[in-house]
Structure formats: C-alpha cells, structure tokens
Amino acid sequence: MTSTLTQPSVDRAGPARAGTAPRRRTRILALPEARWAAAATALFLLALPLQLTGAPTWTWGPLYALAYVTGGWEPGWEGLKALKKKTLDVDLLMIVAALGAASIGQVMDGALLIVIFATSGALEALATARTADSVRGLLDLAPSTATRLTPDGGEQAVPVEELTVGDTILVRPGERVGADGRVLDGASEVDQATITGEPLPAPKEPGDEVFAGTLNGTGALRVRVERDASDSVIARIVRMVEEASETKAPTQLFIEKVEQRYSLGMVAATLAVFLIPLAFGAELDDSLLRAMTFMIVASPCAVVLATMPPLLSAIANAGRHGVLVKSAVVMERLGQVDTVALDKTGTLTEGTPRVTDVRPLPESGLDESELLTLAAAAEHPSEHPLARAVVDAARERGLDLPATEDFTSAPGVGVQALVDGRSVAVGAPARLLDDAESPVVAMAEELEESGRTAVLIVVDGAPAGVLGIADRLRPDAAATVASLTALTGTAPTLLTGDNARAAAHLAAEAGIDDVRAGLLPQDKLSAVKDMESAGRKVMVVGDGVNDAPALAAAHTGIAMGRAGSDLALETADAVIVRDELAAVPATVALSRRARELVVQNLVIASVFIAGLVIWDLAGTLPLPLGVAGHEGSTVIVGLNGLRLLRESAWQRAAGAGTS
C-alpha cells in the first residue's frame, strides 16, 4: 500500500476521470447536413402556422419552396449520383415522393417529408462525427512528451514519437507512462484500467510490463521502451476501433432491405399504368390521373411508418427509463441478440474497491472496530485507492479516527504511522511479514483464494489482522444475468482483463460459467469475432476504453453510463445512462416487442396498399378516396406503433426475462 504526503505532479488541466480521453466535440452546426436540416425545419415551422390560419398562399408558398430546396437538394444530388451508377437510391425516391405530393396539392405533406428526411441525415452525420472525435481524443491519453535518460545519466524531454526501442525513460510519480516497455528499476503501482480494466492499481517492479497512457502511482520508475509509439497498445486500440467501425456491415431496417426491388417495381408500374392506357387510345388526363393515383396509393409511406413508429416509441420509452438507444437500426438489432458478453469491472461490479472482510487475530486483543480504526487512521493521509477504501469502511461504521503522526510510505510495500502512540503498518502481507508460518498467512491466502486483495495490519511489530478488499458485485447483477440467459437461451460470457482468480469468484456469484480473464483489448475483440464467426449475434456490455474495440465490432454494443469512458460511450450503440444493469435485458425485451409490432404494421400496410392498388387498376379509384385510404393506413400503423410509449410496455419488458 503505497502513498505519499506530497501531491503527485499530475496535470490538473487533464481529464477529470482517470483514463478518460479529453472531449473533442464536433459542434452540431459545424456539420453541413445539420445546417441544411435546421434551415429546412425553420422554414417549415414558419410556413405551417400561416397555412393553417388561412393566410394568402403567397405568404407561405415560398417558405415551403425554400424548405424543399434547403432540405432536399443534398439528398437529391446524392440520389442522382447513385442513379448515375445505376442504383435507385432511397434519397431520390423520397425527393420524388415529396415533389409528387406537392404536384397534387399536398405541399405541406411533402415539406414535412423533406424535413424528417433531412433531420435523419443530420443525426447520422453527427453520430459519425462524434465517434471520430472520441477516437482522436483517445490518443490524448498518452503523454506528448517523455523524459529520456541519456547514457551520461542526464535527462532529456523528448516527444514520444522520437522514442525508439531500447531507450530508457523516467516516469515520475503521478505521470503517465510515455511508451510501452518494461520496468528496469523502481517500484510503484500503475493504474492501467484504460488497458486491462483492472479496478485496482497494479504493483510494478523490475521486469514488469507497463503500457503507454497508464497512470503511475507514487513511486518513480525507469522503463526500457519495447515498442514504437505507433505500435503501442493505446495506438492499436485506436486502430482496432476505426477498423471495426468501418468493416462492421450495417444491419438495415426491413424496408431498406427490399427498397431497391420495391422502388424499381413501383416506378415501372406507375409508368405502365400511364402508358398502356394511352397506347389503347385513352385520354391523356385520365391516364395521368390514374397513374398519379396509383403512385400515391402504392407509395411505401405506410410501410415506412409501419417500421419506424414502434422502434422510435421503444427508443423514447427506453430513454425515459435511462437508456439511450442511438438509432432505430440499433433498437431493431437489440432484438436479434442471441449471445451476450459482459465486462467485469464497472459493468457487473460497481468499479470501486470496498472492504469486504475485517479479520483480527485473536492474540492481538483487538476486535473488528479497533483493528479497522487503526488501519484507517494509518491510511488516512494516503491517496491510494485501497487506502480510500479502508478509510471509507471506517466512516461507514461511524468510527472516530485518531490523529496520525510520522506517516511514511514505501512504494510496493505499504504505509507506516504512529496512531495513539502505537506503531501501525498497513500493506501487502508478502512485504510486511517475515514469518511464513504465521497464522495470518493462511488468513491472507484464504482471502486471496476467494478473489479478494489481502491487506495486513501490523501493530507494534506484531501481526494484528487482515482486511479483505474487493470490487463489489452490483446488487442487480445476478438477476440481470438470469434475465439475459432467459431471453437469449444462452448464459452470458464474462470478458475481463482482471486476473483469473478474482474473475472466477465474481462470475460464480453472478451465475456465469464461461469466464475469460486476463484479456487485453485485442483479446476481447478476438473473442467477439470468434463468437460472431460461429454465427452468433453478440451483444457486448462494457464501460472502459479497453472495451471499445469489442463494442465497435459486436452486433450491438451497450456502454454503462456512469463510469463509462468517452470512447466507450461514443462507440457503443446504446448507453445505460442511469447505470442500472437491469435495464439491459429490459431494453432487449422491449426491442423484441417493437419487432413484433413492426410485423403487425407491415401486414396492415400491405393489405391497404394491395386493396387500393387493385381498386385503381381494376376499377376507377377516385383520387380523394385513394389519398384518404393511403393516409388512413398511415394513421393506423402509426397509432399501433405508439402503443410502446406506454409505461406498461416497459414494465412488461422489464419482467420478460424473469417470467
């Protein structure tokens, strides 16, 4: 247990949360898609009240026209470019549909379609930009300079890019490690949660490996560089996130999967309805009216609305309960999940070390409260995470801590102080204890076998007891694992960078059998890819930078919001904002309910479209009746989808995994 009375020389302007990349946020209006969408929306909102209040057409007509131009020119241009490549893009069809609506007097409907379409494109561009921001910001975890030791014993501050394999660098207390390497001299603890996800700082001695971007504790280290900056673990995480994001095939909504065939068929059918009667001598006006009616009743508006309202309602309902689902595509994908991979620290656990055991030796003459009081008083001046856990445990029990004198700390060993005139040492049993036969050795081994960190307390030179410290399982973890197992038919897998013993103990408490421990980010990524190559649709739930590559590569990624790194939050498809693990299976169940409503709506929309098309082709469907039928089907499927906005929908979803 190491500490120091002097404050570490950390950069106070740096990130507030250790291991979090500084935020580089692209402003919304910096994106052209957002500016055009905002302009179209503003024009629409200006024109709509004028039209509804009966103002002259010249007051609102030009505003609608400008809304068409500002919101539609870019997707229209992209659609024309796609058409040049012999692809009938949905962008172009939406613009044609809007213009078609305007041509038969439905100017407001067409403008609304333009606004919705432009806004959707802006949100997609923003999500892409924010993910890129986070990937670039991750590089700031590694320091820009390092202290290189020269052969004559001098020190030289150099950019980390100039470090070469074989160089020796000095890492002072509170500094970030400048390069991947191996410790040559010194002892300290290094917070490497950004790489391995371990909840506690890892002790480092000569021969141990350290990673660029991890935070040194209170001891000084001399490190031999073993990798170039471009090949460091943190740099490889950046590359893996970028590659996974680029290569992951996007799952399209159902209507998007058939849009090419449907769109081509509708265009061809509309032309046929117009041209064939003309060839047989029909009047031009009659043929044009029949074709226009056909285009309206056959247009996929009801089909599109059949898909979106249930998914958007599910998104809104999940949002009210602290779950941010980033798009309708994500909500659809959540319902397809059949395999779940969970991170440990900060996901299944609370991510904060806590005292779980207080075990005084009988011969010490101390009870639990007295032992904890002495340990907490000695640790009080320390800034070490384990020291804070001991002090917090004493405060939770309402213990009064006596004054401390002559506090000292030794990196890799522990702390020592005078407490009420008694010499108290707190630290690692292996460093403070010389007698391997002492009964306290068996006590410490028992704690470590159960996945806890053992901390020895020595009072006046004699062992007085042991504390057990561990990261605590979330109260709802076991229930969540059971719910996910019931929903997917397969028990979740635990993927963690922590040691195998601690991981196995916690997994047993949570009800998980498949445990994969000691994983670096690339190992987690490989594990997810192996599952997906076996035909599984994997959902990864994590919170750290080290989870980001797996989150990006998975079929669906969910980040825990409270302690989640910025990169994990941006890379993930959904974020549990309130940090309630039980919300994960509830959201999956809600997604499956949304998919059921989508199927219902598609059946309703198909029946309306087929009936109206047959009427138009076999008889004479009046244009107003065709518009009414088309809009009526749209209203019906829209209202059916809105059922998922009700509170009862979330309650049923929350109980789905346990029923």
Side-chain angles (χ1 to χ4, degrees), residues 19-21 24 127-142 180 192-198 209 211-214 227 229-251 326 330 333 337 339-348 351 492-498 503 514 516-534 536-561 563-576:
T20 301
R24 300 169 177 239
T128 302
R130 288 289 169 81
T131 300
D133 292 343
S134 295
V135 172
R136 289 194 302 270
L138 177 58
L139 292 173
D140 290 336
L141 284 174
D180 287 5
Q192 50 189 33
T194 54
I195 304 298
T196 66
E198 294 175 277
E209 187 176 19
F211 304 106
T214 55
R227 295 190 189 95
S230 60
D231 196 38
S232 68
V233 172
I234 203 76
R236 280 183 282 166
I237 291 176
V238 172
R239 288 199 298 272
M240 285 189 292
V241 172
E242 290 175 335
E243 291 168 2
S245 298
E246 290 172 0
T247 58
K248 184 173 67 173
T251 297
K326 295 185 178 179
V330 172
R333 292 165 70 96
V337 167
T339 302
V340 180
L342 299 169
D343 173 48
K344 184 178 83 70
T345 305
T347 301
L348 275 181
T493 298
L494 182 64
L495 304 180
T496 178
D498 209 350
D514 187 0
R516 307 182 193 186
L519 304 182
L520 290 174
Q522 59 266 32
D523 301 321
K524 290 188 176 184
L525 175 62
S526 297
V528 171
K529 287 184 174 180
D530 289 344
M531 294 180 200
E532 299 219 321
S533 65
R536 313 296 293 181
K537 289 181 171 59
V538 182
M539 178 176 71
V540 173
V541 185
D543 71 314
V545 169
N546 58 319
D547 299 318
L551 288 168
H555 178 77
T556 309
I558 297 183
M560 303 302 293
S565 70
D566 291 339
L567 183 64
L569 298 179
E570 297 292 355
T571 304
D573 300 303
V575 178
I576 309 299

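- With rounding to the nearest 0.5 angstrom, the OG1 atom of Thr347 is 9.5 Å from the CG atom of Leu494.
- For Asp514, the side chain to side chain donor-acceptor pair (under 3.5 Å) test picks out Thr493, Arg516, with sequence neighbours left out.
- Remark: side-chain polar atoms of Asp573 are paired, donor with acceptor, to backbone N or O of Gly557 under 3.5 angstrom.
- Between Val540 and the options Leu525, Val528, Val337, a side-chain contact (heavy atoms from CB on, under 4.5 Å) holds for only Val528.
- Side-chain contact check for His555 versus Arg333: some heavy-atom pair is nearer than 4.5 Å.
- Here the straight-line distance linking atom CG of Asp343 with atom CG of Leu495 works out to 8.0 Å at 0.5 Å rounding.
- Contact between Phe211 and Leu520 at its shortest, heavy atoms only, is CZ-CD2, 4.2 Å.
- Here the straight-line distance linking atom CG of Asp543 with atom CG of Leu342 works out to 11.5 Å at 0.5 Å rounding.
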Go through Ile576 and Ile558 one step at a time and tell me if the side chain to side chain contact (heavy atoms under 4.5 Å, CB included) criterion holds.
CA-CA 7 Å; Ile576 309 299; Ile558 297 183; 3.6 Å; yes

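- Contact between Ala503 and Thr496 at its shortest, heavy atoms only, is CB-CG2, 3.7 Å.
- In this structure, Thr339 and Met539 have side chains that are not in contact, with every pair of non-hydrogen atoms separated by 4.5 Å or more.
- Between Leu551 atom CG and Lys524 atom NZ the span is 9.0 Å, to the nearest 0.5 Å.
- Here the closest non-hydrogen pair linking Ala554 and Glu532 is C-OE2, 3.6 Å.
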